Amino acid sequence: MITKTSPTRLTLALDIVRRLESGSLCGYHELGIIKHQVALADTLHVEPYRCDLIECDNPLVPLDHSNICLRACELVRKQFNIGEPLKIVIEKRIPVMGGMAGGSANAAAMLVILNELWELHLTQEQFCGLGRQLGMDVPFFFTGKTAFDSEATGVLESVNTKIKFYFILALPDFGVSTKDAYGSLDYSRVGKSILLTSNLKTAFEQGNLEKAARCVHNDFEISVFERFPRLKEIRASLLKAGCLAAGMSGSGSTMYGIASDHAHAKKAADSLDCRTLITETLS
């Protein structure tokens, strides 16, 4: 059996730059995202088995071939003409439909496991290429840490920083579908904060935590907050609790607040009226 953790990420800046209107990626979006990897992680256990089988302790995770881990197996088998049936057990800690890319993190970890199990000797470029076929968010996890990612247009750049954040994750009792979040976009209202994203990248490189916190933003909040006002209320509660910044990760529904230290994160989390987790920058 091979066991790997799959740490996830938060989006500290998210610009919806444009919808692609032509080419092979027509209908996808060019984004501008600062992704920041955190310690919160799922755990995958994988071993050879008599047939493909997937188990998970979260009932929201699909257990058929729509599961991204099984899709990763099928992709590698097809590409390399290799591979026996596998049993995959996922211990789920990352929120499902929470905008934290838990499925993409799992897919990346699965590719790493398959590389080890089947002795594929994949390069970084091959990992990213396979990951991109599974989902636009997957290649980031082979860069990790902090990075700028445009997703569909293929720009993925590491951001060198020594900043360490402590986060309160506020988890409402509902999820937000990425498809629905994109479907409710008003394109006249997004893509206005690209300079903030550039400033956030600079703040990370300078190690300026306060400046970085001031640059936190997410274009999805414009439309998602209108449909789910509870999320706007949670952001206000995080700021009231003294967070340096608060925002929504991805297309939601996870809200996060940036705390000054772990003790502040615990105190702020205790003041909220929803389920919370505390995590920090992945060391």
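The shown structure was predicted, so the numbers you read here are calculated from the model rather than taken from an experiment.
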Exercise. Report the residues that fulfil side-chain hydrogen bond (donor to acceptor under 3.5 Å, both in side chains) with E233, sequence neighbours left out, ordered by chain and then residue number.
Key: none
Quiz item: Which is it for T254 and S249 under the side chain to side chain donor-acceptor pair (under 3.5 Å) test, yes or no, and what are the steps along the way?
Solution: CA-CA 6 Å; T254 300; S249 186; over 6 Å; no
Quiz prompt | Heavy-atom side-chain contact between M136 and L31 under 4.5 Å | solution = no
Quiz item: How far does CD1 of I54 sit from SG of C73, to the nearest 0.5 angstrom?
Solution: 8.0 Å
Quiz item: Do NZ/NE/NH1/NH2 and the carboxylate oxygens of D52 and R77 come within less than 4.0 Å?
Solution: yes
Self-check item: Side chains of D15 and S193, donor plus acceptor under 3.5 Å
Solution: no
Quiz item: Under 4.0 Å between a Lys/Arg side-chain N and an Asp/Glu carboxylate O for K201 and E205?
Solution: yes
Self-check item: Basic-acidic side-chain contact under 4.0 Å: K267, D261
Solution: no
Quiz item: I163: what forms a side chain to side chain contact (heavy atoms under 4.5 Å, CB included) with it, not counting sequence neighbours?
Solution: T161, F165, F204, L209, A212
Quiz item: Can you say whether the rings of H262 and Y166 are parallel (under 30°), tilted (30 to 60°) or perpendicular (over 60°)?
Solution: perpendicular
Practice problem: For the pair F142 and F127, name the ring-plane relationship: parallel under 30°, tilted 30 to 60°, perpendicular over 60°. | Solution: parallel
Quiz item: Counting only N and O atoms by type, is there a donor-acceptor contact under 3.5 Å from the side chain of D57 to the main-chain atoms of K92?
Solution: yes
